[in-house]
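Within every chain, numbering begins at 1; the chains are lettered A, B, ... in the order of the sequence lines, protein sequences first and strands thereafter. Nothing here was measured: the structure is a model prediction, and the numbers come from that model.
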Protein chains: 2
Amino acid sequence: MTESESASVDLEIIVQGAQEGKKLELRLWLRMLSTTKLISQEIRRRLRNEFGATLPQFDLMAQLYREREGLRLGELSKRTMVTNGNVTGLVERLEADGLVLRVTPDGDRRVTVAKLTEKGETQFSAMAAAHEGWLRDMMADVEPAIISELWRDIGEVKSSVSNHLSGADFD
Amino acid sequence: MTESESASVDLEIIVQGAQEGKKLELRLWLRMLSTTKLISQEIRRRLRNEFGATLPQFDLMAQLYREREGLRLGELSKRTMVTNGNVTGLVERLEADGLVLRVTPDGDRRVTVAKLTEKGETQFSAMAAAHEGWLRDMMADVEPAIISELWRDIGEVKSSVSNHLSGADFD
DNA sequence: TTCAAACCTTTGACATTTCAAATATCGTCC
DNA sequence: GGACGATATTTGAAATGTCAAAGGTTTGAA
């Protein structure tokens, strides 16, 4: 068993023990966090094993795949919820792998636009199909009605959180 | 719930579902991920500004706070869903700050047990109280009934995911 | 007893992450 | 046209994250 596989599936159960006097919000947050970590790790493992890619790279390419003309790095930063400095490095590595191209438009030389190469589009297209299948498989035991309901209600949570941020906010 | 609210919610489902042609599972995953990132970033920012601490450090200390006798690093790794190698560095830094103590028990010299110092307990206790308040604030606009429902349904998702991991390891 | 397998942690190479400060360019106001 | 504020990206330091491999230590079976 590799190290990454040893991660516990029951983080949240351990964290909160039985279910003592913990507040609803805290319990929900712990469960959201552990579930998200669990799914992320699974996707990360499969991306690595089957495509030799990382999750942040996949996320970034997903944005570029939706905008074939490319995106400015700042826009990429907003959409992926990753800091500017981080985007710089991610795009650098993807460019080194021939998956992404960087262009500075004539109009504004402050700007860098990243777009997928032919190779990048091909590769992402394969990854995206697999990615969608993995998620369907992982959530196979959950009723579609529950999934829709979750999507709606998590939207409410996201909305509430967005309205109660202390500092600079996304979106 | 008012009439207009339920109408708009239903509309949104129909529109979104037909519009993107995306599978339910994928849409749910993207929303879970962005919401979790949003909350994480807010907590990280507040931990940093108000306590000079990081989120991984907080998570690790939370586990040690629940087990006053301390925990082996491997157990810490499972509970925090962080790799062993990563735990080593985290504990190292916390020990350098005087928040955590490392001990090798006489019985088994392969093992390292980490436990909170007095200073660590005091500091974590303050952070935990604040942390719980932040979550209550962020989710203030969400009905308690919805929060409970989310907690249950995300539990179903987590359960389904756990049963469909490629690594297929269970505790 | 002995030694190979199993166990626990650390190490090393990289990738990702944040924040803050530095660079570079643009647009505008005077 | 020159200085200034706003915008866009990069850089640098430190922390976190993964994975694979290496280090000790213990255990169990021959």
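No hydrogens or angles were tested; on distance alone, nothing pairs the side chain of B/R110 with the base of C/dT9 as donor and acceptor under 3.5 Å.
For C/dA15, neither phosphate oxygen OP1 nor OP2 lies less than 4.0 angstrom from any side-chain nitrogen or oxygen of A/Q57. Phosphate contact (OP1/OP2 of C/dT10, side-chain N/O of B/R102, threshold under 4.0 Å): present. Close to C/dT18, at under 4.0 Å from its OP1 or OP2, lies a side-chain N or O of A/T83. Residue B/N84 places no side-chain N or O under 4.0 Å from the OP1 or OP2 atom of C/dT9. Checking the phosphate oxygens (OP1, OP2) of D/dA8, a side-chain nitrogen or oxygen of A/R72 falls inside 4.0 Å.
You'll find that the side chain of B/D108 is closest to D/dT26, out of D/dT9, C/dT11, D/dT26. Taking the side chain of B/L73 as heavy atoms from C-beta on, and the options C/dC8, C/dT18, C/dT10, the nearest nucleotide is C/dT10. Checked against D/dT11, C/dT17, D/dG17, the side chain of B/P56 finds its nearest nucleotide in D/dG17. If you check C/dT18, D/dT9, C/dT25 against the side chain of A/R109, the one that comes closest is C/dT25. Comparing atom distances between the A/V111 side chain and each of D/dA8, D/dG17, C/dT17 picks out D/dA8 as nearest.
The side chain to side chain contact (heavy atoms under 4.5 Å, CB included) with B/L94 is formed by just one residue from the set B/T117, B/V100, B/L101; it is B/V100.
The backbone N or O of B/E132 lies less than 3.5 Å from no partner atom in the side chain of A/E25, so there is not a single donor-acceptor pair.
We find that CG of B/L47 is positioned 16 Å from C1' of C/dT17, with the value rounded to whole Å. In this structure, the CD atom of B/E75 is 14 Å from the C1' atom of C/dC7, given to the nearest Å.
For the residue pair B/T80/B/Q63, the side-chain donor-acceptor check at 3.5 Å is not satisfied.
Among the protein residues, B/L90 comes within range of the sugar-phosphate backbone only, with heavy atoms under 4.0 Å from sugar or phosphate atoms but none that close to a base. Within 4.0 Å of A/T112, counting heavy atoms only, lie sugar-phosphate atoms of the nucleic acid but no base atom.
For the pair A/R48 and B/G89, both in contact range of DNA chain D, the more 5′-proximal nearest nucleotide belongs to B/G89. Comparing A/V113 and A/N49 by the nucleotide of DNA chain D that holds the closest heavy atom to each, the one mapping nearer the 5' end is A/V113.
With sequence neighbours excluded, no residue satisfies salt bridge (Lys or Arg N to Asp or Glu O under 4.0 Å) with B/E149. Among residues two or more places apart in sequence or in another chain, the side chain to side chain donor-acceptor pair (under 3.5 Å) test is passed with B/R152 by none.
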